[in-house]
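The structure under discussion appears below in the form of structure tokens.
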Amino acid sequence: MAGIYICFGNDYANPNRPFKGTSMIELLNTYTVVDIETTGLDSHFDEIIEIAAIQVSNGQEINRFNSLVKPNQEISTFISELTGITNEMVENSPGIDVVLPQFLSFIGTSVLVAHNANFDVNFIYDFTRLLDLPPLKNDFIDTLRLSRRIFPNWDNHKLQTLVNNLNISDTVEHRALSDCVNTHLCFESMKGYISANNLSLDTLWEHYGTMSKRIHAQTDQFDLDSPVYGRVFAFTGTLEKMPRKDAMQLVVNAGGICGDGVTQKTNFLVLGNNDYCKAIKGGKSSKQKKAEKLQIDGYDITTISENVFYDMIGAENLMGGD
DNA sequence: TCTCCTCGAGATCT
DNA sequence: CTCGAGGAGA
């Protein structure tokens, strides 16, 4: 599908991990599944002992990465029993300083998929900083978050539970590559469940915030001279050339701001096809009427047609020129 | 009525 | 971390 990129993440930047990517909910077909095994839960004190990734294209695995990692500290018996990874096994394995650059090269800039993705992403992020590597910026999809939303009645949403309930396997191995395989299958299974049951991300997240809140910029490099930059947009009616949320995406990618309704802060109201309200008195939507009133009252708001909107967004943004 | 915020409860990862 | 509840402000 077209480049819709709905993110349902935090609006505020994480002060401890300023370059960390966004937790997005998007049913992508091309992504990289990642998983790590560690000596414990705390990325400040614990270390990675195994790291794996699976490159997925069109839903299918096309490549995999897998490596044990020798930590500086001893692996506790608790972790050895949990994962099956012993001190002996990692004795001759490379350190994280060797493995992490290879891993980062493998995942590139792809969107990551993981179960409780924040755990893996935070761990990897912190070790990129520790080793003075470029910080992990990849956006990511959390299958934990997705399963909680799709199956709210389940007792829990551990990977083990997903694997069982989705009839993928009986047991989970608690090894990095094995968990990647399971997470891959779980994600594909949930995507299938959504389409098979005529669900969609919009319906699943219908009451979470508002549409405009769910759309985040795909870039942090804005053209400050764009007529869109820093301006507040609202939409009314159905656009002809694209879904409204795609148009909102264009706005925020150009550094603009989207609102759901017309307020005193709105600068532009984009008029789509309003056939549906022909029957309404004056043939104008409530948003259009409100915009006209605000304009009369002296507010900086202009109603524009869909075509004028695309002109404002500008060929320089869509065609990569300057 | 709508938007923005703060806060607390509840999970999941090894 | 995520999400929803409840309050402040318009």
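Just so it is clear: chains get the letters A, B, ... in the order the sequence lines come, proteins before strands, and each one is counted from 1.
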What's the closest nucleotide to the side chain of [X] if the choices are [options]?
X: Lys20(A); options: dT14(B), dT2(C), dC1(C); value: dC1(C)
X: Asn116(A); options: dC3(C), dC13(B), dT14(B); value: dC13(B)
X: Asp35(A); options: dG4(C), dC1(C), dT14(B); value: dT14(B)
X: Glu37(A); options: dC13(B), dG4(C), dT14(B); value: dT14(B)
X: Arg148(A); options: dC13(B), dT14(B), dA11(B); value: dA11(B)

Using a 4.0 Å heavy-atom cut-off across all strands, classify [X] as base, sugar-phosphate, or nothing.
X: Thr39(A); answer: nothing
X: Leu144(A); answer: sugar-phosphate
X: Leu159(A); answer: sugar-phosphate
X: Asp179(A); answer: sugar-phosphate
X: Arg175(A); answer: nothing
X: Asn156(A); answer: sugar-phosphate

May I have the distance from [X] (atom [atom1]) to [N] (atom [atom2]), rounded to whole angstrom?
X: Asn122(A); N: dT12(B); atom1: CG; atom2: P; result: 17 Å
X: Phe119(A); N: dT2(C); atom1: CZ; atom2: C1'; result: 18 Å
X: Asp46(A); N: dC13(B); atom1: CG; atom2: C1'; result: 11 Å
X: Trp154(A); N: dA11(B); atom1: CH2; atom2: P; result: 16 Å
X: Leu204(A); N: dT2(C); atom1: CG; atom2: P; result: 17 Å
X: Glu74(A); N: dT14(B); atom1: CD; atom2: C1'; result: 17 Å
X: His157(A); N: dC13(B); atom1: NE2; atom2: P; result: 11 Å
X: Ile51(A); N: dC13(B); atom1: CD1; atom2: C1'; result: 14 Å

Does the side chain of [X] get closer than 4.0 angstrom to OP1 or OP2 of [N] through an N or O atom?
X: His115(A); N: dT12(B); value: no
X: Arg145(A); N: dC3(C); value: yes
X: Arg149(A); N: dG4(C); value: yes
X: Ser23(A); N: dT2(C); value: yes

Practice task
Kindly say whether the aromatic ring centers of Phe187(A) and Tyr31(A) come within a distance under 6.0 Å.
Solution key: yes
Check whether the side chains of [X] and [Y] place a donor and an acceptor atom closer than 3.5 Å, and report yes or no.
X: Thr143(A); Y: His115(A); result: yes
X: Arg175(A); Y: Thr83(A); result: no
X: Gln73(A); Y: Glu47(A); result: yes
X: Lys70(A); Y: Asn92(A); result: no

Practice task
Before giving the answer on side-chain hydrogen bond (donor to acceptor under 3.5 Å, both in side chains), spell out for Ser43(A) and Asn122(A) the whole-Å C-alpha distance, their side-chain angles and the decisive distance to 0.1 Å.
Solution key: CA-CA 7 Å; Ser43(A) 64; Asn122(A) 287 348; over 6 Å; no
Practice task
Searching all strands shown, indicate the nucleotide that pairs with dC5(B) (Watson-Crick or G-U wobble; both distances under 3.5 Å).
Solution key: dG6(C)
